Amino acid sequence: MAGALLTELAAVEAAAPLRNMVTPGGFTMSVALTNCGALGWTSDRRGYRYTGIDPLTGQAWPPMPQALARLAREAAQAAGFDGFAPDACLVNHYLPGARLSLHQDKDERSYDFPIVSVSLGMSATFLFGGLARAGRPLRVPLHHGDVVAWGGVDRLRYHGVLPLADAPHPVLGSRRINLTFRRAG
Ligand code: MD6
Ligand code: FE
């Protein structure tokens, strides 16, 4: 299963290379990103947004492989979210030390759809917080092959990823890949 995903991802990354985006505040993200699907999430000094065109290549984002869209739909269904049809898949690559600070996913047009997240490679500690930034988030370990679906009343919870420890994974080595599927448009 993971092997098929990695083959699909290699093709996506060949068409839309991984890059370290700059936040509106001027920081370069430690996580390297790319996208597939009709829409892709990007960040630069002007803000966060979804675009149909990859600003790096000037081309449309590569299409979302059907196997990925299907995995996301089935995972959402299993969590009680019927009819999830993602139009955006954000691909996050972490090297040791990379982290994602606490944030809400708020750039999507509607919050009525869930988000499905797939983790591959090295394990990470996911921070699952409340609806306000304050408070001590729950720490949830995410391992290779874990799939998380969340939505509904939890859709706007703050969340993040602690700096990645270097404990190489047998297949992916010193890397973590996270895919997040969304209905963005
Ligand atoms: C990550 N995930 O696991 C980052 N956002 O590397 C996210 O930021 C995320 O996993 C919204 C919903 C699920 C997620
Ligand atoms: Fe997020």
Side-chain angles (χ1 to χ4, degrees), residues 2 5-6 9 12-13 18-21 23-24 27 29-37 39-43 47-50 64 68-69 71-81 84-133 137-167 169 172 174-185:
L5 289 187
L6 291 169
L9 280 180
V12 166
E13 289 162 17
L18 291 162
R19 76 292 305 266
N20 294 88
M21 293 179 182
T23 65
F27 295 100
M29 296 180 68
S30 59
V31 179
L33 309 180
T34 188
N35 293 276
C36 59
L39 293 172
W41 185 87
T42 63
S43 175
Y48 306 128
R49 61 197 168 282
Y50 284 92
M64 193 183 306
L68 269 64
L71 169 70
R73 178 167 45 78
E74 292 179 353
Q77 175 112 37
F81 303 103
F84 180 49
D87 58 8
C89 173
L90 172 58
V91 181
N92 296 310
H93 270 245
Y94 295 72
L95 294 174
R99 62 190 289 271
L100 197 60
S101 53
L102 277 185
H103 66 277
Q104 292 173 297
D105 283 39
K106 288 208 298 191
D107 304 317
E108 298 73 28
R109 197 161 61 85
S110 163
Y111 306 143
D112 292 343
F113 301 101
I115 297 176
V116 173
S117 156
V118 176
S119 291
L120 297 168
M122 290 207 295
S123 298
T125 302
F126 194 79
L127 301 172
F128 197 54
L131 296 175
R133 191 184 289 276
L138 214 73
R139 294 181 173 210
V140 185
L142 289 183
H143 306 296
H144 180 78
D146 283 351
V147 180
V148 181
W150 93 61
V153 294
D154 298 311
R155 175 63 179 73
L156 289 175
R157 281 181 182 270
Y158 277 89
H159 58 279
V161 178
L162 285 184
L164 202 70
D166 192 4
H169 180 268
L172 278 164
S174 289
R175 282 190 295 161
R176 172 176 186 257
I177 303 175
N178 174 258
L179 310 176
T180 48
F181 296 90
R182 300 187 179 75
R183 182 89 203 174

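When a ligand or atom number is given, it counts from 1 through the structure's own listing order. What you are looking at is a predicted structure, and each value in this text was computed from that prediction instead of being measured.
- Using a distance-only test at 3.5 Å, with no hydrogens or angles considered, no donor-acceptor pair links the side chain of H93 to the main chain of I177.
- Close approach of ligand 1 to R182 is summarised as follows: ligand atoms under 4.0 Å from at least one heavy atom of the residue are 5 (N), 11 (C).
- With ligand atoms numbered from 1 in the order given, ligand 1 contributes 2 (N), 3 (O), 10 (O) to contacts under 4.0 Å with heavy atoms of F126.
- Within H103, the N, O or S atom lying nearest to the Fe ion (ligand 2) carries the name NE2.
- Here the heavy atom of the protein found nearest to atom 2 (N) of ligand 1 is N178 OD1, 3.6 Å.
- Here the SG atom belonging to C36 is positioned 7.5 Å from the CG atom belonging to L179, to the nearest 0.5 angstrom.
- For D105, the N/O/S atom at the shortest distance from the Fe ion (ligand 2) is named OD1.
- No side-chain donor from either of D146 and S119 sits under 3.5 Å from a side-chain acceptor of the other.
- Taking OG1 from T42 and CE from M21, the interatomic distance works out to 5.5 Å, rounded to the nearest 0.5 Å.
- By the 30° and 60° cut-offs, the orientation of the rings of W150 relative to H159 is perpendicular.
- If you check which protein heavy atom lies closest to atom 14 (C) of ligand 1, you get T180 CG2, 3.6 Å.
- For F181 against F84, the heavy-atom pair with the smallest separation is O-CZ, 3.5 Å.
- With ligand atoms numbered from 1 in the order given, ligand 1 contributes 5 (N), 11 (C) to contacts under 4.0 Å with heavy atoms of D105.
- Here the closest heavy-atom approach between residue R182 and residue E108 is recorded as CD-OE2, 3.0 Å.
- Among R183, R155, Q104, the single residue meeting the side-chain contact (heavy atoms from CB on, under 4.5 Å) criterion with Y111 is R155.
- Per-residue contacts place S117 under 4.0 angstrom from the following atoms of ligand 1 (heavy atoms of the residue considered): 10 (O), 13 (C), 14 (C).
- Interface of H103 with ligand 1, defined as ligand atoms under 4.0 Å from a residue heavy atom, comprises 8 (O).
- Atoms of ligand 1 found under 4.0 Å from any heavy atom of Y94 (numbered from 1 in listed order, with element): 1 (C), 4 (C), 6 (O).
- Remark: ligand 1 atoms within the under-4.0 Å shell around heavy atoms of L100 are 4 (C), 8 (O).
- Every atom of ligand 1 with a heavy atom of I115 under 4.0 Å away is listed here by number and element: 11 (C), 12 (C), 13 (C).
- Nearest protein heavy-atom contact of atom 5 (N) of ligand 1 is H159 NE2, 2.7 Å.
- Looking at R133, its side chain does come within 3.5 Å of a backbone N or O of L102 through a donor-acceptor pair.
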